[in-house]
Amino acid sequence: MREGKPDVGERPLGAKAGTVYGTAMTDAAKPSPNSWSQWPDANGRFGEFGGRYVAETLMPLVLDLEQEYARAKADPSFQAEFDWLLEHYVGRPSPMYYAERLTKHFGGAKIYFKRDELNHTGAHKINNCIGQVLLARRMGKTRIIAETGAGQHGVATATICARFGLPCVVFMGETDVERQKPNVFRMKLLGAEIVPVSSGTGTLKDAMNEALRDWVTNVANTFYVIGTAAGPHPYPMLVRDFQSVIGREAREQILKQEGRLPDVLVAAIGGGSNAIGLFHPFLEDEGVRMIGVEAGGHGVDTPMHAASLSGGQPGILHGNRTYLLQDKDGQIIDAHSISAGLDYPGIGPEHAFLHETGRAEYRTCTDKEALDAFQLCTKLEGIIPALEPAHALARVGDIAKELGKDGLIVMNMCGRGDKDIFSVAGHLGMKI
Ligand SMILES: *Cc1c(COP(=O)(O)O)cnc(C)c1O
């Protein structure tokens, strides 16, 4: 898949072997942002990460999207429609909930949940899908495509497409189509067309490649809705901005309830969109630590995990430079996690930057620890979390003890666990 120098990474779609496309990495003439929240720079880079490593055929599309997004951001009617849908369709603001019994159980810092699992469709993904589909409509696009792994982003995209009467095509790895039948059926009910992808290992990264290919072919009428804070610039930025409603609400809510900012924010990381959405509005608050939790699978010292920062190296995939799971030849390794939503072999470039600069910290959580946290949360709080935030919760237990009783933690409960009950039953050796 990759050719040339180790750092060059995957060849952009349609590009000749051995040629580096996209923005050069060292453009010293352009000034760098001087505060955390102003990144990316004019080239779409977060330090040495991000950028837009795409073939020439895709370049006009991503430039067009960047311009249209800048116009939309400056247009109050765009924001007003977005806000209206977030309030009346998604059900925002999501509550900020004091998890009293878990706090007692861990015996340390006060733990709050930002309840994004209460959103329509059961997770944070809908925030981003609404933003991108509104952009697509502004741009006069009449066909929506998306990639999906576990099917959650596919369902969220198909939902918004149904709401706006737009045809929706979802690329999904063949293996995932087989593994995620309920979500495949949901998407079909919502009117989406599912395209099973058999290339590679038939999983998320292959679906994303196929979606990019479709986009190049159907430039004129198609908009590609990316499901996490990854892909070529401006996607990592705009996904972050659409998800930042989580952090803006959280900031206001915790100030109201506790009269101060939290000591630590915690979120699970797949590609990093719910985490960056929570973190971003706090980046300038020096006293607020941020901890992302990657999926440690069977352990980061085994080949079976999805921890791109903790167990990967920088490279290029899906149009941006970031940390990736790769073998010694630079081949992308399939990620493993008990949670289908976390098994992306990369991570959004802004997290790579926050990791390298030390502004955010990243830890891991194994399948087993997540399964335990899933059960603990269900029993003590009456909230069945998705397996993704169960990863974050496992580390919240440690962090609460580290901080002690005066500490204050906000964790993003980014999804609900209804979708996971079958797989959890299997892991617990039970039958439903
Ligand atoms: C998709 C998903 C994730 C992982 O995606 P991010 O972009 O890292 O947020 C995490 N939690 C839930 C509930 C998801 O559906």
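Each ligand, and each atom within it, is numbered from 1 in the order the structure gives.
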- Between K125, E294, H153, which one has a non-hydrogen atom sitting closest to atom 15 (O) of ligand 1? K125
- Query: Which is closest to atom 5 (O) of ligand 1 by heavy-atom distance: H124, Q152, R416?
  - Reply: H124
Are any of the N or O atoms of [X] closer than 3.5 Å to those of ligand 1?
X: G271; result: yes
X: G272; result: yes
X: K419; result: no
X: G270; result: yes

- Over 60° means perpendicular and under 30° means parallel, so classify the ring planes of H88 and W84, tilted if in between. tilted
Between [Y] and [X], is there a salt bridge with N-O shorter than 4.0 Å?
X: K110; Y: E100; result: no
X: E388; Y: K419; result: yes
X: K401; Y: D398; result: no
X: E147; Y: K205; result: no

- Task: State whether the number of non-hydrogen atoms from other residues, nucleotides or ligands found under 6.0 Å of L61 atom CG is greater than 12.
- Result: yes
- Query: Just wondering, are more than 12 heavy atoms of other shown residues or ligands nearer than 6.0 Å to OH in Y98?
  - Reply: yes
- Query: For atom 4 (C) of ligand 1, what's the nearest protein heavy atom and its distance?
  - Reply: G341 O, 3.3 Å
With heavy-atom distances below 4.0 Å as the criterion, list the atoms of ligand 1 near [X].
X: C414; result: 10 (C), 11 (N), 12 (C), 13 (C)
X: T228; result: 6 (P), 7 (O)
X: G415; result: 13 (C)

- Message: If you apply the rule ring pair (Phe, Tyr, Trp, His ring centres under 6.0 Å), what do you find for F242 with Y69, and how did you get there?
- Response: CA-CA 11 Å; F242 293 143; Y69 179 55; 5.8 Å; yes
- Item | Sub-4.0 Å heavy-atom contact, Q243 with ligand 1 | no
